[in-house]
*Asks:* 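Input: one structure, supplied below.
Below, read A as the first sequence line, B as the second, and so on, with proteins coming before strands; counting in each chain starts at 1. Not measured: the values here are computed from a predicted model.
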Amino acid sequence: MPELPEVEVTRRHIAPVLVGRTVREVRTTGASYFFVTPPPRLARALRGATVEALERTGKYLVADIGRGRRLLLHLGMTGQLFSGDATSLRLLSATARASLSPEEQVGFEPDRHTHLQLAFEDAGPDVLFRDVRKFGKVQLLARGERSERLERLGTDALEIQGDDLFRATRRRKVAIKTLLLDQSVVAGSGNIYTDEALFLACVRPGRAAARVTRAECERLADALHRIMARSIETGGSSISDYVAPDGRDGRYQDERKVYARAGEPCLRCDGTIRRKVIGARSSHYCPGCQR
DNA sequence: ACCGCACCCTGAGCGC
DNA sequence: TGCGCTCAGGGTGCGG
């Protein structure tokens with residue numbers, strides 16, 4: 001489940017493989033929910049284009065493909081953007097994984113979940129975008145075309161200040177967890193890191209947003225920065241499908257304190273981590289430390 | 001304006 | 001062995 005840190009790690013790995021290269025050939029799967037821009041039009045625009053830059057905004061990757069055009073990429077829940085020479089068992093189904101050792105899997109054969117494949121004019125590796133559940137998105141923006149998706153986004157999670165959070169929470173009855181997941185408030189937040197930030201800031205996820213104090217908002221902003229910066233350093237969390245573009249797994253999942261630890265002991269007090277559904281998302285917290 | 005919820009999609013894991 | 005069920009939770013959009 002890629003959140004800001006996974007998207008940023010992806011950007012840092014894939015930018016050197018993408019920027020400065022000219023697309024020779026584009027392969028796509030058929031029209032679907034995944035393609036905001038219909039595949040034929042996307043392929044026409046990308047062929048011959050040179051990638052000038054790759055930036056991140058919230059969970060979106062935005063590629064400058066020249067002549068004012070931009071390519072928007074979102075990894076959704078199961079999106080994997082990687083280089084054709086990557087090696088990772090995580091790129092395979094569990095059944096295929098069970099029958100192969102890491103040494104046996106070299107490179108990657110595009111499967112039916114590989115929706116976009118770019119080959120380049122130089123002899124270097126292809127760039128592939130695979131997404132099993134197709135919650136990801138690919139969208140071409142023409143010169144000067146505005147993007148509602150990008151305009152909707154709030155302050156980047158790495159930049160957000162306690163005061164921004166405090167103002168956003170006033171008179172809001174929703175759970176603080178739900179508000180933190182709102183991309184128009186905190187761009188780049190996701191289920192794992194909001195749970196971790198709420199734990200670090202000692203705020204219970206189900207509490208009404210309006211009841212969170214200014215001091216707690218300060219702690220939450222600080223916690224988001226620290227947790228996400230640390231996750232980027234360690235290569236992100238590889239809990240289910242996430243894999244870095246070089247095929248390596250992240251290691252942040254080893255540092256998480258509450259996410260997917262229901263029933264296990266709290267690392268700060270003698271309590272037990274609990275799981276509760278808030279806003280249709282599972283939340284993990286320590287009832288002892290988080291008030 | 002705000003809130004809760006259904007929906008998009010596929011695969012893993014479970015009970016029977 | 002396989003069927004049917006639930007769960008995963010990113011984002012959008014709709015009805016109340």
Side-chain angles (χ1 to χ4, degrees), chain A residues 1-8 10 29-37 56-62 72-81 89-99 111-116 129-139 147-154 156-157 167-198 205-211 228 236-243 253 256 258-263 275-285:
Chain A
M1 45 212 82
E3 304 179 26
L4 186 153
E6 290 74 30
V7 178
E8 178 60 21
T10 297
T29 51
S32 74
Y33 192 80
F34 176 87
F35 290 104
V36 179
T37 303
R56 179 193 59 78
T57 308
K59 294 177 204 170
Y60 286 91
L61 288 173
V62 185
L72 237 61
L73 303 170
H74 194 290
L75 300 178
M77 285 278 300
T78 53
Q80 301 168 318
L81 185 66
L89 293 179
R90 207 175 278 276
L91 292 169
L92 303 170
S93 68
T95 41
R97 232 177 277 170
S99 65
D111 59 2
R112 70 190 186 98
H113 302 303
T114 309
H115 303 298
L116 184 64
F129 190 172
R130 182 174 184 265
D131 184 4
V132 170
R133 290 176 70 183
K134 290 195 271 190
F135 285 1
K137 291 274 177 289
V138 178
Q139 182 177 18
S147 164
E148 284 183 26
R149 294 167 196 279
L150 293 183
E151 286 170 9
R152 245 197 301 264
L153 295 178
D156 203 78
R167 276 185 277 112
T169 51
R170 292 312 88 186
R171 285 183 291 281
R172 295 294 301 272
K173 288 180 184 169
V174 281
I176 181 66
K177 166 71 184 276
T178 303
L179 189 118
L180 289 174
L181 283 176
D182 185 342
Q183 299 299 294
S184 70
V185 176
V186 189
S189 64
N191 211 33
I192 299 174
Y193 300 104
T194 48
D195 275 5
E196 295 296 320
L198 284 159
R207 200 197 313 171
R211 298 193 157 249
M228 290 198 172
S237 299
S238 290
I239 289 181
S240 55
D241 302 278
Y242 175 73
V243 58
Q253 64 275 13
R256 79 206 135 87
V258 286
Y259 186 80
R261 290 195 67 243
R275 175 182 175 276
K276 184 175 188 255
V277 175
I278 296 170
R281 299 283 141 92
S282 65
S283 295
H284 313 77
Y285 65 98

*Asks:* Could you check whether the side chain of A:Arg281 and the base of C:dG10 have a donor-acceptor pair of N or O atoms closer than 3.5 Å, going by distance alone?
*Replies:*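 Between C:dG10 and A:Arg281, which were checked side chain against base, a qualifying N/O pair under 3.5 Å is present.
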*Asks:* Rounded to whole angstrom units, what separation is found between the CD1 atom of A:Ile176 and the P atom of B:dC2?
*Replies:*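 Distance check: A:Ile176 CD1 to B:dC2 P gives 14 Å.
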*Asks:* Using the salt bridge (charged side-chain N to carboxylate O under 4.0 Å, His left out) rule, collect all pairs that involve residues 177-196 of chain A, keeping only residues at least two apart or in two chains.
*Replies:* A:Lys177-A:Asp195
*Asks:* Distance check: side-chain N/O of A:Arg275 vs OP1/OP2 of C:dA8, anything under 4.0 Å?
*Replies:*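 For A:Arg275, the contact criterion (side-chain N or O under 4.0 Å from OP1 or OP2 of C:dA8) is met.
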*Asks:* Closer than 4.0 Å, any side-chain N/O of A:Arg172 to the OP1 or OP2 of B:dC3?
*Replies:*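 Checking A:Arg172 against B:dC3: at least one side-chain N or O falls below 4.0 Å of OP1 or OP2.
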*Asks:* Heavy atoms under 4.0 Å, any strand shown: does A:Lys137 hit a base, just sugar-phosphate, or nothing?
*Replies:*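 Here A:Lys137 touches no strand at all.
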*Asks:* Could you check which of C:dG11, C:dT12, B:dC3 has an atom nearest any side-chain atom of A:His74?
*Replies:*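 Closest of the options to the side chain of A:His74: C:dG11.
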*Asks:* Heavy atoms under 4.0 Å, any strand shown: does A:Arg171 hit a base, just sugar-phosphate, or nothing?
*Replies:* nothing
*Asks:* Identify which nucleotide among B:dC9, C:dC7, C:dT12 has an atom closest to any side-chain atom of A:Arg149, counting heavy atoms from C-beta outward.
*Replies:*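 Selected nucleotide: C:dT12.
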*Asks:* Whole angstroms only, please: what is the CG-P distance between A:Leu179 and B:dA1?
*Replies:*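 A:Leu179 atom CG is separated from B:dA1 atom P by 16 Å.
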*Asks:* Nearest-Å distance, CG (A:Asp182) to P (C:dG10)?
*Replies:*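 Distance, rounded to whole Å: 13 Å.
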*Asks:* Do A:Tyr33 and B:dC8 share a donor-acceptor pair, side chain to base, under 3.5 Å?
*Replies:* yes
*Asks:* Let's test this: given Watson-Crick or G-U wobble pairing with both distances under 3.5 Å, identify the partner of B:dG13.
*Replies:*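 Paired with C:dC5.
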*Asks:* If each of A:Arg133 and A:Arg152 is mapped to the nucleotide of DNA chain C with the nearest heavy atom, which maps nearer the 5' terminus, i.e. the 5' end?
*Replies:*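 Its nearest nucleotide being more 5', the pick is A:Arg133.
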*Asks:* Quickly work out the A:Leu180 CG to C:dG10 C1' distance and round it to whole Å.
*Replies:* 16 Å
*Asks:* Quick one: A:Lys173 NZ to B:dG4 P, roughly how many Å, whole number?
*Replies:* 10 Å
*Asks:* Could you tell me the separation between the CZ atom of A:Phe34 and the P atom of C:dT12, rounded to a whole number of Å?
*Replies:*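 Interatomic distance, CZ of A:Phe34 to P of C:dT12: 15 Å.
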*Asks:* With a cut-off of less than 4.0 Å, is there a side-chain N or O of A:Lys59 near OP1 or OP2 of C:dG11?
*Replies:*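 Checking C:dG11 against A:Lys59, a side-chain N or O does come within under 4.0 Å of OP1 or OP2.
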*Asks:* Roughly how many Å apart are C:dC7 and B:dC5, using the P atom of each and rounding to a whole number?
*Replies:* 15 Å
*Asks:* Apply side chain to side chain donor-acceptor pair (under 3.5 Å) to A:Tyr193 and A:Ser237, showing your working.
*Replies:* CA-CA 10 Å; A:Tyr193 300 104; A:Ser237 299; 2.8 Å; yes
*Asks:* So does A:Arg112 get a side-chain nitrogen or oxygen closer than 4.0 Å to the phosphate oxygens (OP1/OP2) of B:dG11?
*Replies:*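 So the side chain of A:Arg112 is within the cut-off, an N or O lying under 4.0 Å from OP1 or OP2 of B:dG11.
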*Asks:* Between A:Val174 and A:His113, who's closer to the 5' end of DNA chain B by nearest nucleotide?
*Replies:*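 Closer to the 5' end of DNA chain B: A:Val174.
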*Asks:* What nucleic acid atoms does A:Ser282 come within less than 4.0 Å of, heavy atoms only: base, sugar-phosphate, or nothing?
*Replies:*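 Sugar-phosphate contact only.
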*Asks:* Here's one to test your reading of the geometry: is the NZ or CZ of A:Lys137 within 45 degrees of the ring axis of A:Tyr33 and under 6.0 Å from its centre?
*Replies:*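 Judged by the rule (NZ or CZ under 6.0 Å from the ring centre, within 45° of its axis), A:Lys137 counts as positioned above A:Tyr33.
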*Asks:* Just one of A:Leu73, A:Leu153, A:Val7 clears the side chain to side chain contact (heavy atoms under 4.5 Å, CB included) bar with A:Tyr60, so which one?
*Replies:* A:Leu153
*Asks:* Kindly assign one of parallel, tilted or perpendicular to the pair A:Phe34 and A:His115, based on the angle between their ring planes and the thresholds 30° and 60°.
*Replies:*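 Taking A:His115 first and then A:Phe34, their aromatic rings sit tilted (interplane angle of 30° to 60°).
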*Asks:* Please determine, for the side chain of A:Val132, which listed nucleotide (C:dG10, B:dG11, C:dG11) has the closest atom?
*Replies:*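 Taking heavy atoms from C-beta onward, the closest nucleotide is B:dG11.
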*Asks:* Do any N or O atoms from the side chain of A:Gln139 and from the backbone of A:Phe35 form a donor-acceptor pair under 3.5 angstrom?
*Replies:* no
*Asks:* Nearest to the side chain of A:Gln183, heavy atoms from C-beta on, is which of C:dG10, C:dG11, B:dC9?
*Replies:*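 The answer is C:dG11.
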*Asks:* Within this structure, what is the CG-to-C1' distance between A:Asp131 and B:dC9, rounded to whole angstrom?
*Replies:*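 Roughly 9 Å, once rounded to whole Å.
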*Asks:* Rounded to whole angstrom units, what separation is found between the NZ atom of A:Lys276 and the P atom of C:dC7?
*Replies:* 16 Å
